[in-house]
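Residue numbers run from 1 in the order of the sequence given.
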Amino acid sequence: MESAVWELGKRRVVIECPASLGASIEQIQGFPPLRSWLQKLHADIEVRRVTIQSVDTFKSGSIGFVKLSSDAHFNGTRIPGVVFLRGPSTAVLLILRTQEGGRVPSRLDGGYAVMVEQPRVAAGEALLELPAGMDDGVCTAVKEVMEETGVAIEEGDLVELGAAYPSPGACDEMVTLYACEKAVTSDELERVRGRLGGCRSEGELITVRLVRISDLWQTTDMKTLAALYLWDRRKLI
């Protein structure tokens, strides 16, 4: 068992990492979501010790996910401290509206949401979701939309809707939600429908689906429901 004491301002946290996990204590300390999580803890939540339970790496060798248990207290009372660290992510509600004969579509026109269908082991089925990805410090939203759907958008096209924790009971992930409306021709719309996207060599088996805005509320993807609500609240539909 490797261990290190991490001084973060007034916080002093002991980090323990079993050698059997195949990651050194230095690699764990260099994992950005761990530092971010410890730094954003409110003063009334005290974490005295962190024990790394599992580490998952990407093909590049960099750490992707960390599961840990922590000796956590809230105003002196011990509380559950199991955390799955993965860091922030982004998701985009991309709306395509057809434009024919030079007519610019209004927001009152129907329109389609560009969704990605992919198998999700945790859910036990293939789900329809918004294009999304882990936030790696670049304009993740633009990159993920292109990679997963083949639709080119620009950073200036994005409207930030807000951010939320989808599963704060055990995961640090905060999802920043964006919306983007794009006018297309009928031919362009059909080229998007059924397109295969994602990095299939990494197991991203994505098929692009077009869902009418009026039917979007039927999804079980929390990101989609939250983005749709926030988009509607902004009176943009």
Closest approach of Gly194 to Thr207 (non-hydrogen atoms, all atoms of both residues):
O-CG2, 4.0 Å
Sorted by chain and number, sequence neighbours left out, side chain to side chain contact (heavy atoms under 4.5 Å, CB included) with Ala23 holds for Gln27, Ile28, Val55
Note, Val116 side chain near Thr149 side chain (heavy atom, < 4.5 Å)
yes
Residues two or more places apart in sequence or in another chain: which of them pass side chain to side chain donor-acceptor pair (under 3.5 Å) with Arg49?
Glu16
Would you please name every residue forming a side chain to side chain donor-acceptor pair (under 3.5 Å) with Arg11, sequence neighbours left out?
none
Is there a side-chain contact between Val5 and Val13 in this structure, where contact means two heavy atoms from C-beta onward sitting under 4.5 Å apart?
no
Taking only distance into account, with no hydrogens and no angle test, what donor-acceptor pairs under 3.5 Å do side-chain atoms of residues 215-224 form with protein atoms, sequence neighbours excluded?
{"from": "Trp217", "atom 1": "NE1", "to": "Ser214", "atom 2": "O", "distance (Å)": "3.2"}
{"from": "Thr219", "atom 1": "OG1", "to": "Leu128", "atom 2": "O", "distance (Å)": "3.3"}
{"from": "Thr219", "atom 1": "OG1", "to": "Asp221", "atom 2": "N", "distance (Å)": "3.1"}
{"from": "Asp221", "atom 1": "OD1", "to": "Lys223", "atom 2": "NZ", "distance (Å)": "2.8"}
{"from": "Asp221", "atom 1": "OD2", "to": "Leu130", "atom 2": "N", "distance (Å)": "3.3"}
{"from": "Asp221", "atom 1": "OD2", "to": "Thr224", "atom 2": "N", "distance (Å)": "3.2"}
{"from": "Asp221", "atom 1": "OD2", "to": "Thr224", "atom 2": "OG1", "distance (Å)": "2.6"}
{"from": "Lys223", "atom 1": "NZ", "to": "Glu129", "atom 2": "OE1", "distance (Å)": "3.3"}

If you take all heavy atoms of Gly30 and Pro32, which pair is closest and at what distance?
O-CD, 3.1 Å
Please name the pair of heavy atoms, one in Ala126 and one in Glu117, separated by the smallest distance, quoted to 0.1 Å.
CB-CG, 4.2 Å
4.5 Å side-chain heavy-atom contact, Trp37 and Pro33
no
Does any part of the side chain of Asp135, heavy atoms only, come nearer than 4.5 Å to the side chain of Thr176, both counted from C-beta?
no
Heavy-atom closest pair, residues Gly133 and Thr140:
O-CG2, 4.0 Å
Nearest 0.5 Å please: distance from the CE atom of Met115 over to the CD1 atom of Ile206.
12.0 Å
State the OH-CG distance between Tyr229 and Leu161, to the nearest 0.5 angstrom.
12.0 Å
Counterpart residues, side chain to side chain donor-acceptor pair (under 3.5 Å), relative to Arg195 (two or more places apart)
none
Counterpart residues, salt bridge (Lys or Arg N to Asp or Glu O under 4.0 Å), relative to Arg48 (two or more places apart):
Glu46
Of all heavy-atom pairs between Tyr178 and Ala141, which one has the smallest distance, and what is that distance?
CD1-CB, 4.0 Å
Kindly indicate, with the supporting measurements, whether the criterion side chain to side chain contact (heavy atoms under 4.5 Å, CB included) is fulfilled by Thr185 and Thr98.
CA-CA 5 Å; Thr185 66; Thr98 55; over 6 Å; no
Pairs flagged by salt bridge (charged side-chain N to carboxylate O under 4.0 Å, His left out) wherever residues 148-161 is involved - sequence neighbours left out
none
All heavy atoms of Ala227 vs all of Leu177, minimum pair found to be N-CD1, 3.9 Å
Hydrophobic clusters join Ile, Leu, Val, Met, Phe, Trp and Tyr when side-chain heavy atoms are under 4.5 Å apart, directly or via other members; which others share one with Tyr165?
Met174
Going by atom type alone, with no hydrogens or angles, which donor-acceptor pairs under 3.5 Å involve a side-chain atom of residues 65-83 and a protein atom two or more places apart or on another chain?
{"from": "Lys67", "atom 1": "NZ", "to": "Gln53", "atom 2": "OE1", "distance (Å)": "2.4"}
{"from": "Ser70", "atom 1": "OG", "to": "Gly81", "atom 2": "O", "distance (Å)": "2.8"}

When you group the ILVMFWY residues by side-chain heavy-atom contacts below 4.5 Å and let the links chain together, are Leu127 and Leu225 in the same group?
no
Here the gap from Leu85 atom CG to Ile52 atom CD1, rounded to the nearest 0.5 Å, amounts to 7.5 Å
Suppose we screen for side chain to side chain contact (heavy atoms under 4.5 Å, CB included). Which residues come up paired with Gln29, at least two apart in sequence or across chains?
Ala4, Trp6, Ile15, Ile25
Drop me the distance from Leu21's CG to Asp56's CG, to the nearest 0.5 angstrom.
10.0 Å
Atom CG of Leu94 and atom CD of Glu144: how far apart are they, to the nearest 0.5 Å?
13.5 Å
Please give the remaining members of the hydrophobic cluster of Val121, linking ILVMFWY side chains under 4.5 Å, ordered by chain and number.
none
Answer with yes or no whether the hydrophobic clustering places Val14 together with Ile45; edges join I, L, V, M, F, W, Y residues whose side-chain heavy atoms lie under 4.5 Å apart.
no
Salt bridge (charged side-chain N to carboxylate O under 4.0 Å, His left out): which pairs involve residues 162-180, sequence neighbours left out?
Arg86-Glu173
